Protein chains: 2
Amino acid sequence: MDTASRTEALSQRLADSGLRSTPQREVVYDVLLKKRDHPTADEVFARVKPELPTISLATVYNCLETLVACDLVRAVNIERGPTRYCPNLRPHAHFHDVKTGRTHDIDLPPEVLEKVQAVLPKGYKPSSIEITFRGSAGAPVDATGKSTS
Amino acid sequence: MDTASRTEALSQRLADSGLRSTPQREVVYDVLLKKRDHPTADEVFARVKPELPTISLATVYNCLETLVACDLVRAVNIERGPTRYCPNLRPHAHFHDVKTGRTHDIDLPPEVLEKVQAVLPKGYKPSSIEITFRGSAGAPVDATGKSTS
DNA sequence: TTTCTATTTAGAATAGTTCTAATTCTCACT
DNA sequence: AGTGAGAATTAGAACTATTCTAAATAGAAA
């Protein structure tokens, strides 16, 4: 999807919620889509500034909040510290690499989601499920199950 | 397990890490075990004070950090806001009720854990897995899948 | 154009946590 | 029992991330 059609999709979602499409909201959203490394509000601010030099941090917070409210972006709180933002709308888990501090997405097949939901008592219907792994990404594991790194 | 043997277990764990058992650490741990409602540091502080009126908030933070480091307590960050603390060491998920703001534990059977781990690429070995549900606890769901509450 | 409301903005305020430096405690050794 | 070293506690200052506030701006609608 190119920038024009992304903008289109964004405007549509915003309109659905009775909100306006603004340059700030568009650029914040584009920045999230462009580099999907779960940036903090500060990082988004830094990336948006070259494009919109007069934008304020408060606006970045406002835009992020709006995008989350429109279900275009997920707010991610993996550990104490700044909230991070993720424009991936597909069901996915997060792998948080404790060595690098980086987090990446891992697609969740529907059958895994179902299996997880099944642990809930009958009748419980969660509105969302978060799954987060913590560890050293790619650390090979030997036959004894001990990490070799 | 009574308080005496809990204290015993705590001392042991602390000693294993080269740390001392102190009244502050004991009371903080007891408070967590007694009411397992995932309290914040502030809430722990308030519950510990009657027992140890001179304790400081900084000490509560220190004790909690120590207990987490000794693997006796888990720090839980479900959403933006204060970290919460959980002395449940069994594999479990969290159900966060958005109406009441309360969070409760849901045991995770080993086969579900395995199924979830299986989404990771070969060789990845997570050191921990967090699963969090969000929703209205106990909201009955009718045949159409719509919540009736 | 004028008006009305949404949005943005800068800076102040707040919440939660961590840091600092001084004190107190505890243990090991005499 | 007395002493010295390191561990733990304490109060308050500092810090980080976020939210709030009030004024300025921008856009749509009349």
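Sequence lines set the chain letters: A, B, ... in the order given, protein chains first and strands last, and positions in each chain run from 1. Hydrogens, waters and symmetry mates are skipped; everything else that's a heavy atom, side chains included, is used. Everything numeric in this text was worked out from a predicted model, so none of it was measured.
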Rounded to whole Å, how long is the line connecting atom [atom1] of [X] with atom [atom2] of [N]?
{"X": "D42(A)", "N": "dT18(D)", "atom1": "CG", "atom2": "C1'", "result": "10 Å"}
{"X": "I55(B)", "N": "dA11(D)", "atom1": "CD1", "atom2": "P", "result": "10 Å"}
{"X": "N77(A)", "N": "dT18(D)", "atom1": "CG", "atom2": "P", "result": "8 Å"}
{"X": "L64(A)", "N": "dA17(D)", "atom1": "CG", "atom2": "C1'", "result": "13 Å"}
{"X": "E43(A)", "N": "dA17(D)", "atom1": "CD", "atom2": "C1'", "result": "13 Å"}
{"X": "E79(B)", "N": "dA15(C)", "atom1": "CD", "atom2": "P", "result": "17 Å"}
{"X": "Q24(A)", "N": "dT25(D)", "atom1": "CD", "atom2": "P", "result": "14 Å"}
{"X": "R25(A)", "N": "dT8(C)", "atom1": "CZ", "atom2": "C1'", "result": "10 Å"}

| said: Evaluate D97(B) against K99(B) for salt bridge (charged side-chain N to carboxylate O under 4.0 Å, His left out), listing each step before the verdict. | reply: CA-CA 5 Å; D97(B) 186 321; K99(B) 280 209 193 102; over 6 Å; no
Quick check for you: among [options], whose closest atom lies nearest to any side-chain atom of [X]?
{"X": "N62(A)", "options": "dT9(D), dT8(C), dT18(D)", "answer": "dT8(C)"}
{"X": "R80(A)", "options": "dT18(D), dT8(C), dT17(C)", "answer": "dT17(C)"}
{"X": "S56(B)", "options": "dT8(C), dA11(D), dT9(D)", "answer": "dA11(D)"}

Does [N] have OP1 or OP2 under 4.0 Å away from a side-chain N or O of [X]?
{"X": "T83(B)", "N": "dT17(C)", "result": "yes"}
{"X": "T22(A)", "N": "dG27(D)", "result": "no"}
{"X": "Y61(B)", "N": "dT17(C)", "result": "yes"}

| request: Indicate, with a heavy-atom threshold strictly under 4.0 Å, whether T40(B) touches base, sugar-phosphate, or nothing. | output: nothing
| query | So what does T59(B) touch, heavy atoms closer than 4.0 Å: a base, only the sugar-phosphate, or nothing? | reply | base
May I ask you to test the [X]-[Y] pair for a side-chain heavy-atom distance under 4.5 Å?
{"X": "V44(B)", "Y": "R47(B)", "value": "no"}
{"X": "P91(A)", "Y": "D107(A)", "value": "no"}
{"X": "Y29(B)", "Y": "V73(B)", "value": "yes"}
{"X": "D105(B)", "Y": "R36(B)", "value": "no"}
{"X": "L113(A)", "Y": "I129(A)", "value": "yes"}

| Given DNA chain C, 5'-ward residue of the pair S21(B) and E65(B), judged by closest heavy atom | E65(B)
| message | Checking H94(A) against H96(A) for the side-chain hydrogen bond (donor to acceptor under 3.5 Å, both in side chains) test, could you report, in this order, the C-alpha distance in whole Å, the side-chain angles of both residues, the deciding distance, and whether it holds? | response | CA-CA 6 Å; H94(A) 287 120; H96(A) 178 74; over 6 Å; no
| request: Check DNA chain D against residues 10-20 of chain B and give the residues with a non-hydrogen atom under 4.0 Å, in numerical order. | output: L19(B), R20(B)
